[in-house]
Amino acid sequence: MDKLNLMSCFIALVEEGSFTKAASRLGRSKALVSTHIKTLEEQLQVRLLNRSTRHIRLTEDGRVYYEEAKRLLEGIIQLEHNLLADSKGMAGRLRISVPTTYGEQCLVPFLSQMKITYPQLHIDCVFQDRFVDLVSEGFDLCVRVGRLSDSTLIAKHVGEIKLQVSASPAFLEQYGPIHSIDVLSQLPCIGDSNGKLDGKWQLNGVKFNINETLRVNSASAAAQFAALGLGVCFCPDFALRPYIENGQLVTLPFEEIHMPVHVVHPHRSHSHGKITTFTTDLKQYLSEKSNVSPCSD
């Protein structure tokens, strides 16, 4: 006999208080309910109930078993609900916030793939570089790059990016090789205010002031300015990649800084199934791209 079936029968008997009411609730005969309880006690080798002609009372073992069985069955029901939401609930609106450059260069292919996989899903994606208030602004989730501050939100790690120091061949020809922080700190540098570095970089364990001759609020713009020879940039690999591939930028011999990528969402959400699927699919997507793309885990 299936243990979950016996467990459900026992819970119904305890909650209804009689074999007749339990049988009615379960849609079974009173004799079958009685047989199930007897089978369960034989399997457990304990007495769960004290029976009389008028009353059914739990033994101490029966009380403990009821409480644990109730908790387990409720967990199974919730698990099935979540799985059903994941498989059948990828429809309707999913409102998300993503960083502009990372979203445009790394997430657009993923979001396109999601639309193909889940055609009934309406994705409302806002590309912006500020930290939104998910609840008050009506977002189901956001993707955040970098270390997170403490909050009451749920954060799931899905990947990483790398920050690299780069300059154009023309810049290096003009200023010469850059092999030390002392040299780097004296040269024109391009700051990215989105990185919240405030004119300071930290490389090889040393934090130092840069000669910030140009500041932007876009990793893509910083990389483009560097490719045009206006200074050294310290940018995410996904922003540098097209310029490195076509020879407009080269990476310099300093350490790469790894930064996490998280999916962040509120504790309680009517879109729980969609959020879970989005997070799982994004982590898998970034993992699969790890050997061919800098937008990776």
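Atom set for the values below is all heavy atoms of this structure, side chains included, hydrogens, waters and symmetry mates excluded.
- Using a 4.5 Å cut-off between side-chain heavy atoms of Ile, Leu, Val, Met, Phe, Trp and Tyr, with links allowed through other members, L49 and M7 fall into the same hydrophobic cluster.
- Under the side-chain hydrogen bond (donor to acceptor under 3.5 Å, both in side chains) criterion, K38 pairs with no residue at all, not counting sequence neighbours.
- For E104, there are no salt bridge (charged side-chain N to carboxylate O under 4.0 Å, His left out) partners at least two apart in sequence or on another chain.
- For T59 (side chain) and L48 (main-chain N/O), a donor-acceptor pair under 3.5 Å exists by modelled atom type.
- A donor-acceptor contact shorter than 3.5 Å links the side chain of D140 to the backbone of R95.
- Qualifying side-chain hydrogen bond (donor to acceptor under 3.5 Å, both in side chains) partners for N209, counting only residues two or more places apart in sequence or in other chains: K200.
- Using a 4.5 Å heavy-atom threshold, the side chains of R147 and M259 count as touching.
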Before you tell me yes or no, could you show the steps for F234 and I257 under side-chain contact (heavy atoms from CB on, under 4.5 Å), namely the whole-Å CA-CA distance, both residues' side-chain angles and the distance that decides it to 0.1 Å? CA-CA 10 Å; F234 185 33; I257 305 299; 3.7 Å; yes
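- The cluster map of Ile, Leu, Val, Met, Phe, Trp and Tyr, joined by side-chain heavy atoms under 4.5 Å apart, puts F238 and L249 in different clusters.
- Looking at heavy atoms from C-beta onward, C235 lies out of side-chain contact with D192 at the 4.5 angstrom threshold.
- Partners of E74 by side-chain hydrogen bond (donor to acceptor under 3.5 Å, both in side chains), not counting sequence neighbours: none found.
- Hydrophobic clustering (ILVMFWY, side-chain heavy atoms < 4.5 Å, transitive): L163 and L240 are in distinct clusters.
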Passes side-chain contact (heavy atoms from CB on, under 4.5 Å), R47 versus E41? Steps please. CA-CA 6 Å; R47 179 176 288 278; E41 289 181 320; 3.9 Å; yes
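- Annotation: salt bridge (charged side-chain N to carboxylate O under 4.0 Å, His left out) contacts of E60 (sequence neighbours excluded): R63.
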Can you list, pair by pair, the side-chain donor-acceptor contacts under 3.5 Å of residues 164-184, counting residues two or more places apart and other chains?
from: Q164; atom 1: NE2; to: E256; atom 2: OE2; distance (Å): 2.7
from: S168; atom 1: OG; to: F171; atom 2: N; distance (Å): 3.0
from: S180; atom 1: OG; to: V183; atom 2: N; distance (Å): 3.2

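- No side-chain N or O of N194 forms a donor-acceptor pair with one of Y102 less than 3.5 Å apart.
- Residues forming a salt bridge (charged side-chain N to carboxylate O under 4.0 Å, His left out) with R130 (at least two apart in sequence, or on another chain): E137.
- Between the CG atom in D124 and the CZ atom in R93 there is a gap of 5.0 Å [rounded to 0.5 Å].
- The distance from the CD atom of E160 to the CG atom of L286 is 10.5 Å, given to the nearest 0.5 Å.
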Please table the atom pairs, donor to acceptor, closer than 3.5 Å between any side-chain atom in residues 214-223 and protein atoms at least two apart or in another chain.
from: R215; atom 1: NE; to: E212; atom 2: OE1; distance (Å): 2.9
from: R215; atom 1: NE; to: E212; atom 2: OE2; distance (Å): 3.3
from: R215; atom 1: NH2; to: E212; atom 2: OE1; distance (Å): 3.0
from: S218; atom 1: OG; to: S220; atom 2: N; distance (Å): 3.3
from: S218; atom 1: OG; to: A221; atom 2: N; distance (Å): 3.1

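- Heavy atoms only, all atoms of each residue included: T100 and D129 are closest at N-OD1, 2.9 Å.
- No side-chain donor-acceptor contact under 3.5 Å links S34 to the backbone of K30.
- Side chains of K70 and E15 form a contact here, defined as non-hydrogen atoms less than 4.5 Å apart.
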Criterion side-chain contact (heavy atoms from CB on, under 4.5 Å) on I96 and L111, from CA distance to verdict: CA-CA 11 Å; I96 66 179; L111 295 173; 3.9 Å; yes
Please assess F278 against Y285 for the test ring-ring contact (aromatic ring centres under 6.0 Å, His included), listing each intermediate value before the final yes or no. CA-CA 10 Å; F278 179 94; Y285 172 82; over 10 Å; no
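- Other cluster members for L228: none, since no ILVMFWY side-chain heavy atom sits under 4.5 Å from it.
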List the steps and the verdict of side-chain contact (heavy atoms from CB on, under 4.5 Å) for Q43 and K3. CA-CA 9 Å; Q43 289 184 0; K3 182 62 66 68; 2.9 Å; yes
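- Rounded to the nearest 0.5 angstrom, L107 CG and S112 OG are separated by 10.5 Å.
- The closest donor-acceptor contact from the side chain of T277 to the backbone of G273 lies under 3.5 Å.
- N204 places no side-chain N or O within donor-acceptor distance of the main-chain N or O of V206, the cut-off being under 3.5 Å.
- Separation of atoms CD1 (I154) and CD1 (I275) is listed at 8.5 Å; rounding is to 0.5 Å.
- When all heavy atoms of P188 and T213 are compared, the closest pair comes out as CB-OG1, 3.6 Å.
- Note: L230 CG to F225 CZ = 6.5 Å, rounded to the nearest 0.5 Å.
- Y65 meets the ring-ring contact (aromatic ring centres under 6.0 Å, His included) test with F10; sequence neighbours excluded.
- Pairing each heavy atom of F127 with each of P99, the nearest pair is CD2-O, 4.4 Å.
- Evaluation of the side-chain hydrogen bond (donor to acceptor under 3.5 Å, both in side chains) rule for N50 yields no partner, not counting sequence neighbours.
- Remark: E42 pairs with no residue by the salt bridge (charged side-chain N to carboxylate O under 4.0 Å, His left out) rule, at least two apart or across chains.
- Following chains of ILVMFWY side-chain contacts shorter than 4.5 Å, one cannot reach Y243 starting from V232, and the two form parts of different hydrophobic clusters.
- Rounding to the nearest 0.5 angstrom, the gap separating the CG atom in L203 from the OG atom in S185 is 11.0 Å.
- You'll find the side chain of H36 reaches within 4.5 Å of the side chain of R28, heavy atoms only.
- Under the 4.5 Å side-chain heavy-atom criterion for Ile, Leu, Val, Met, Phe, Trp and Tyr, L72 and L40 are members of distinct hydrophobic clusters.
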